[in-house]
Asker: 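Here's a structure for you.
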Amino acid sequence: MNMTGGWCGTGAMALNISKEPVQGHDSGDLSHGAGELLVLRPAAAGSTRYPFVMQWIGGPDFRLVMGPELWLPRTWDGCSARGEGGELLNVCPVSCMRTMARGSGDLVKVAWDPESSAMMMTTQDGQVCYKN
């Protein structure tokens with residue numbers, strides 16, 4: 001089952017799932033030793049929605065874990081400051097409070113939907129999204 005690519009149509013709600021190398025990320029045990037992470041990101045440029053690593057927990061079930069980056073983008077309001085040398089510093093860590101408040105740990109199911117002949121992702125609160 002190939003989950004990579006665009007999901008949820010176009011516009012502000014559009015998502016993209018891609019495989020990303022583990023190196024450079026704080027992945028913990030999320031890659032299951034495969035050397036790659038499955039990452040769910042907003043597709044819209046300039047989006048302020050958070051990325052999540054999709055941790056497979058068995059069958060069609062995945063747990064969304066905020067990341068893989070340890071810092072939010074410097075381009076987000078309030079997430080950058082100038083250092084002593086004028087360099088742009090990132091000042092918004094992915095904190096425990098941010099993680100808990102933004103859906104880290106939520107479950108999603110990914111499965112083939114024979115009615116629509118498309119892959120379907122269902123969130124734990126019942127929202128449905130189809131692969132483009």
Asker: Decide yes or no for Arg82 and Leu89: does some side-chain heavy atom of the first lie under 4.5 Å from some side-chain heavy atom of the second?
Answerer: no
Asker: Quick one: are Leu15 and Cys8 in side-chain contact, heavy atoms under 4.5 Å?
Answerer: yes
Asker: Verify, without hydrogens or angle tests, whether Glu115 (side chain) and Asp113 (backbone) share a donor-acceptor contact under 3.5 angstrom.
Answerer: no
Asker: So, do Tyr50 and Arg41 sit near enough that their side-chain heavy atoms are less than 4.5 Å apart?
Answerer: no
Asker: Going hydrophobic residue to hydrophobic residue with side-chain gaps under 4.5 angstrom, can you get from Trp112 over to Ile17?
Answerer: yes
Asker: With sequence neighbours excluded, tell me which residues meet side chain to side chain contact (heavy atoms under 4.5 Å, CB included) with Cys92.
Answerer: Leu72, Cys79, Asn90, Arg98
Asker: Among Leu37, Val65, Val108, which one satisfies side chain to side chain contact (heavy atoms under 4.5 Å, CB included) with Met54?
Answerer: Val108
Asker: Which Ile, Leu, Val, Met, Phe, Trp or Tyr residues join Met13 in one cluster when any pair of side-chain heavy atoms under 4.5 Å counts as a link?
Answerer: none
Asker: Would the distance check show the side chain of Lys131 and the main-chain N or O of Asn2 forming a donor-acceptor pair, the cut-off being under 3.5 Å?
Answerer: yes
Asker: List the residues meeting side chain to side chain contact (heavy atoms under 4.5 Å, CB included) with Ala118, not counting sequence neighbours, and say none if there are none.
Answerer: Ser116, Tyr130
Asker: Asn16 and Gly6: which non-hydrogen atoms are nearest, and at how many Å?
Answerer: OD1-N, 3.6 Å
Asker: Using modelled atom types only, decide if a donor and an acceptor are shared between the side chain of Thr123 and the backbone of Gln127 within a distance under 3.5 Å.
Answerer: yes
Asker: When you compare the side chain of Arg63 with that of Asp106, does any pair of heavy atoms fall below 4.5 Å?
Answerer: no
Asker: In the structure I gave you, are the side-chain heavy atoms of Pro68 and Glu20 within less than 4.5 Å of one another anywhere?
Answerer: yes
Asker: Which value, rounded to the nearest 0.5 Å, describes the distance between Ser18 atom OG and Leu40 atom CG?
Answerer: 9.0 Å
Asker: Given the rule that I, L, V, M, F, W and Y join up when any side-chain heavy atoms are under 4.5 Å apart, are Trp7 and Val128 in one cluster?
Answerer: no
Asker: If you measure from CD1 on Ile57 to CG on Leu107, what distance do you get to the nearest 0.5 Å?
Answerer: 5.0 Å
Asker: Do the non-hydrogen side-chain atoms of Pro51 and Glu69 ever get within less than 4.5 Å of each other?
Answerer: yes
Asker: Same hydrophobic cluster for Val91 and Met66, using side-chain heavy-atom links shorter than 4.5 Å among ILVMFWY?
Answerer: no
Asker: Evaluate the side-chain proximity of Lys19 to Val39: yes if any heavy-atom separation is below 4.5 Å, no if none is.
Answerer: no
Asker: Less than 4.5 Å apart, any side-chain heavy atom of Phe62 and any of Gln55?
Answerer: no
Asker: May I ask you to decide if Gly9's main-chain N or O and Asn132's side chain share a donor-acceptor pair within less than 3.5 Å?
Answerer: yes
Asker: Test of understanding: clusters of I, L, V, M, F, W, Y form through side-chain heavy atoms closer than 4.5 Å, transitively. Do Val110 and Met120 belong to the same one?
Answerer: no
